[in-house]
Amino acid sequence: MIGRYLPPYRWAVVGGIVAGIIAAAASGFGLPVIVQKVCPVVFGEVPAPEWLVNWISGWVSVEDIHTATLIGAAVIIPIIMMLRGLATYFNSYLLTYAGVGMLRGLRNDLFSRLQWLSFSYHDRKSRGELMTCVIQYTQNLQQQLVQVLNDLVVQPLTLVAAVAYLVYAALTNNQSAILLGNLIISCLCIPVVRWIGKSVLKKMRSALMGMSAITANVEESLGAQREIRSFNLEKRQEEILGNSISYYNKLLVRIAAWQSAISPAIEFVSALALAYALYRGCGDGLSLEDFTAIATAFYFCYDPIKRLGTVSNQCQVMRVIISQINGVLYAVDETPEPSEPEKLPEPVAGAIDFEHVTFAYDGENTVLQDINVHVPAGDVVALVGPSGSGKTTFINLICRFYDPQEGCVKIDGIDVRNLTRAERTKNIGLVSQFAALFRDTIAENIRVGRPGADDAAVRRAGDMACVSEFADMKPEGYELMLAEGGGGLSGGQRQRVSIARAILKDAPILILDEATSALDMRSEAIIQKALDEMAENRTTFIIAHRFSTIRMAKRILVFEAGRIVADGTHEHLYENCMLYKSLYDEQVRSEAQDSKETQI
């Protein structure tokens, strides 16, 4: 998965690896050589090599050779450490740069994938879980990946360099027994690291689910503040979140406990190996400088082993995170783009056909059952029926938010499954009950209907939808910046902006799903005129609980329990459909009661 994001950053990775090689060589091989070869010469314990004396004597007198050697050693040490430090810096920087860049691409692809996955997928997943995946999981993966990239380059190479020095020391000092014994003891680290890694893997899966639960609880509470405060649910929500946090924290503590066990376990094994080296070395007459050099090399062996143990656990964590992310990236799209798309004939008429359509959201509980209906182009059709009878589902299938289990839905004779999303959506204007506005100006929220529309067109649409009534009262006018979700506007004002958006889009198919539900009677009466004009010469579907809103419909479909039980004009249905008559009479009584209460 990560590999496909590598190409733009391959030279940064190569540079990081080269820097890691230099840092590892300076650490694992360079420092032990200084301890064994340079320090004894500086302190006069052993004579300087003849080649070094001959070389220095060409520059200084015999009396100053020792001083020159001391100065040379003093210069070599900081040079090696500076080289090691710079190499370590560039290794860390370049690999971090590559890791961050690759994860940026992953996060963009993850978010893009969520925009294209079907509504069925989103119905099965909580918003908190998806937010955690896009934000938290990718952030965790980025941190783990950068650390792993750093350690996977430097630590193994440091280990190799240190082992190379030990081999050199064994060959030159005949201490192969010490080397062999320590390498055998070091193998004890492997099963310990593997055992701890399996335990971390199991707990990490639960921890990620715990984080999703926390995010979901917070998102749910912030989105329902009015209900929470109206019903005094603050303590209840705090308790639910507190339980989720407690569960998550317990898992984090357990994971930390297991991960922390790696260091002392490996250090104990290292101590055993060093004790063995001390015992055998003294017995075999190993000198102090040779033992110190070997001990230094052992340190640069076991520190990488310790780090690699941590890397092993980090890889287990990454494995869990990647499995969660892959669950989104490779989720089955239940409304995929067609492999051989068709185009609607120009101009688009907007005729709609349902042919033996059966649909269930969960695949089991049927919401629409064997729907057959033809809506000619230009018809204005109202959908009425009790709540849950299938009206909104009918609309969702026209928009192809879902695909039916049986049958097909056609626009101008073409199955909507054979139309691309762009082809389908540009010909459908939707005004839903819950107007979704974005963090932008009023004008830009209207311009969503037709990107690139000029200000005059936006203004005309706003005038028709009565947006100008409240926009012109603000100093910024249509350039008023809205907060998240249209904050700063009332529910009715947000609805007007949504209607203006549909007016500007001017699509041949118009869907009004409780489009005036948030408006008062006066505003509805004004906007109704605009809706009447919009409905002319275009196929229009209207869902509304207030029957006054559907008076412009020439045809009414009556839904009950997922079926269309009646089809006709208001007069015909009122005389021949008991369900329609009861719904209409109940609405008239309700409006009359509301009118009396208003007068009082």
Side-chain angles (χ1 to χ4, degrees), residues 103-117 119 122 125-139 214-229 328 399 401 421-422 425-426 428-505 513-515 517-519 523:
L103 265 297
R104 178 179 59 192
L106 172 61
R107 183 173 283 172
N108 288 339
D109 285 354
L110 191 60
F111 183 74
S112 176
R113 182 62 175 166
L114 288 175
Q115 305 303 301
W116 285 87
L117 284 172
F119 276 57
H122 285 272
K125 301 287 185 178
S126 70
R127 279 188 291 175
E129 182 178 351
L130 297 179
M131 287 171 60
T132 301
C133 190
V134 174
I135 299 172
Q136 188 66 42
Y137 290 175
T138 53
Q139 182 66 31
I214 292 174
T215 307
N217 289 336
V218 172
E219 191 275 332
E220 181 181 59
S221 296
L222 293 179
Q225 282 296 295
R226 287 182 176 85
E227 290 75 9
I228 290 173
R229 301 189 188 198
V328 176
C399 298
F401 293 155
R421 181 181 295 191
T425 55
K426 77 177 182 180
I428 299 176
L430 172 64
V431 182
S432 62
Q433 180 178 2
F434 305 103
L437 302 187
F438 303 98
R439 191 193 299 271
D440 212 327
T441 63
I442 293 176
E444 287 304 317
N445 270 282
I446 295 175
R447 198 173 276 114
V448 166
R450 195 196 332 149
D454 58 34
D455 292 341
V458 171
R459 179 79 189 200
R460 283 194 299 271
D463 288 341
M464 291 181 66
C466 301
V467 173
S468 300
E469 285 188 5
F470 62 86
D472 289 343
M473 296 176 63
K474 304 289 185 180
E476 304 91 336
Y478 277 76
E479 296 306 311
L480 176 67
M481 181 64 68
L482 303 181
E484 180 181 358
L489 300 181
S490 67
Q493 290 170 339
R494 289 196 293 269
Q495 200 94 39
R496 295 187 204 183
V497 174
S498 181
I499 293 171
R501 181 188 292 168
I503 293 173
L504 182 63
K505 187 172 187 178
D513 186 0
E514 297 288 353
S517 61
L519 302 177
S523 298

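Taking Asp440 as the reference, nothing meets the side-chain hydrogen bond (donor to acceptor under 3.5 Å, both in side chains) condition, with sequence neighbours excluded. Ser432 pairs by the side-chain hydrogen bond (donor to acceptor under 3.5 Å, both in side chains) definition with nothing, not counting sequence neighbours. With sequence neighbours left out, Phe401 forms a side chain to side chain contact (heavy atoms under 4.5 Å, CB included) with Phe119, Asn396, Cys399, Leu430. Checked against salt bridge (Lys or Arg N to Asp or Glu O under 4.0 Å), Arg460 has no partners two or more places apart in sequence or in another chain. For Ser468, the side-chain hydrogen bond (donor to acceptor under 3.5 Å, both in side chains) partners two or more places apart in sequence, or in a different chain, are Asp463, Tyr478. The side-chain hydrogen bond (donor to acceptor under 3.5 Å, both in side chains) test applied to Asp109 returns Tyr5, not counting sequence neighbours. Under the side chain to side chain contact (heavy atoms under 4.5 Å, CB included) criterion, Lys125 pairs with Tyr121, Glu129, Leu130, sequence neighbours left out. Residues that satisfy the salt bridge (Lys or Arg N to Asp or Glu O under 4.0 Å) test with Arg113, not counting sequence neighbours, are absent from this structure. For Ser498, the side chain to side chain contact (heavy atoms under 4.5 Å, CB included) test picks out Val431, Ala435, with sequence neighbours left out. Legend: residues meeting salt bridge (Lys or Arg N to Asp or Glu O under 4.0 Å) with Lys426, ordered by chain and number and at least two apart, are Glu423.
Put simply, NZ on Lys474 and CD on Glu479 are 15.0 Å apart, with the number rounded to the nearest 0.5 Å. In this structure, the separation between CD1 on Ile503 and CE on Met464 is 4.5 Å, given to the nearest 0.5 Å.
Proximity of Phe470 to Val497: side-chain heavy atoms (C-beta onward) are separated by under 4.5 Å at one or more points.
With salt bridges taken as basic N to acidic carboxylate O contacts below 4.0 Å, none links Arg459 and Asp454.
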